[in-house]
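Convention: sequence-line order gives letters A, B, ...; per-chain numbering from 1.
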Amino acid sequence: MLDTKFIVENPDIVKKAAEVKNIKCDVDQIVELYNAINMLKAEYETYLAKKNEISKKIPSATNEERPALIAESKEAGEKAKELSEHLEQKEIVLKDLLARVPQIPADNVPFGKSDADNVVIKTVGEKHIFDFEPKSHYDLLIENDWADFEKVAQVAGPRSHALKGVMARLEIAVHMFVMDKLTDNGFTIVSVPAICKPESVMAAGHFPGNDLTIMKDDVYQLGDTGRSLAGTSEITLNALHAGEILKEDDLPILYAGYSSCFRKEAGSAGKDTRGLIRVHQFTKVEQFVICKGTEEESAKWHAKLLSIIEEVMTDLELPYQVIEACTGDMGFNKIRMHDVEAWVPSEEKYRELGSCSTIHDFQARRTNTRYRESGTNKVKFVHTLNNTGIATPRALAPLIENHQTKDGNVRIPEKLRPYMQNKEFLK
RNA sequence: GGAUGGGUGGCCGAGCGGUCGAAGGCGCACGCUUGGAAAGCGUGUGUAGGUGGAAGCCUACCGGGGGUUCGAAUCCCUUCCCAUCCGCCA
């Protein structure tokens, strides 16, 4: 959500933002409606004021005066009610239009239409040179009986997986490892529900508009409960301080969200159907920051979140690259986004393991999360940022592929060994 | 799922049809005091929208929605949330 006044005063900036993000929104209609509503509201409030004024006189009026006053007040009230019905209709339309306005990308974000236009800004780590034909993570898992896909698909449907034995342990280990790292960096681990209300989903601002059906392709709905399964704990964490006015001293709030995540993947039929890369249910440690609403704070935390996931990549000894998402690929609610992608030998390409985003006050406006600035005592919107900490099972794919040995074993990176009974190899 | 009690400003909490944006306290800001701090004293202090050069004025908001009334924080209905007890349960 953007500030309505900002939209009305800067329609060209907003139109440009929608254009570079390939998002349709009707800025002109917003401006028009806004002005119309203001005019109507002025009239409506005049009647209300009149009604209130007369009502106030009634207690002290004489019995003779009273009936006339009551009638007069009633009339003003009825006029006001009539106008308020028109107002309400217009406001609903405006609210919906406003919710379709995307966040404005930062100035230095590369322009582009799709992920093909993203820019690689950094490549780190040597790709492992194998003196044998490296296996895909899928083959490694099957050959070692570390996972089941076929049977579990019959039970749970396609894009399902079960990790077994030491692989299940490895999954837990990487989460523990990342949670410890985040704790060391001042984050508080929060294990949050994946069940959430649709309002929370909308408040996270991944989807345009207020129309909840928009998200039906992406988000699982829990039947007649009216609730959804979150695609990320960002949704829950973002709403965790909704409606609050925090103290400046409370900030920054650093959360390491831990939860199951659910995605319908309706738009990715046929893609990554085998293995652990793209599944309907996964587990993620999410980095989430609520900070003071300034550019500097946001920029600082963006850099910090990115550095943490880079450190995770380094500690897991994964070759990776950092890309800067272009305007067309960055998503509705973001100002800036960097993806971290790990090298997957069997595919001979980098695959996204994390996505670091500066949201600015876009989510804060939707949740109405604010803080009181010390000194001025002014109430301001917070800024939010998020980045993946680690997401499994996807992260396990590059992890076991990069560290596989000729005999089909997998070497455990040193930093991970304390979480894996100090073993050097998986088997 | 059943029963009961609650949801009021940044926080706590009074009010339970008109004089209520709402006592009191805490917190916070500014000032005095002090060598400095604390304490103390004084003053100020909700959010949002509209209007105006400004002071100001108007409107809305006492969990959400609806209703009764000339008038609702206060009465009624409904819904959500919280607490406790009972039931069920990993």
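- Relative to the side chain of A/Ala49, the nucleotides B/G67, B/G18, B/U59 differ in distance, and B/U59 lies closest.
- Using the six-membered ring where Trp is involved, A/His161 and A/Phe149 have ring planes that are tilted, between 30° and 60° apart.
- Contacts of A/Leu69 with the nucleic acid, taken as non-hydrogen atoms under 4.0 Å apart, are absent.
- Across all strands, A/Tyr371 comes closer than 4.0 Å to no nucleic acid atom at all (heavy-atom distances).
- Ion pairing between a basic and an acidic side chain is recognised when a charged N comes within 4.0 Å of a carboxylate O; A/Glu82 and A/Lys79 show no such pairing.
- A/Ile54 comes within contact range of no nucleotide atom at all, as no heavy-atom separation falls under 4.0 Å.
- On a pure distance criterion of 3.5 Å, a polar donor-acceptor pair joins the side chain of A/Glu45 and the base of B/G49.
- By the 4.0 Å N-to-carboxylate-O rule, A/Lys284 lies close enough to A/Glu286 to be salt-bridged with it.
- Within 4.0 Å (heavy atoms only), A/Lys197 reaches sugar-phosphate atoms of the nucleic acid but no base atom.
- At the heavy-atom level, A/Arg370 lies under 4.0 Å from the strands shown only through sugar-phosphate atoms.
- Between A/Arg370 and A/Asn368, the side chains place a donor N or O and an acceptor N or O closer than 3.5 Å (distance only, hydrogens not considered).
- The side chain of A/Pro59 has B/G18 as its nearest neighbour among B/G27, B/C70, B/G18.
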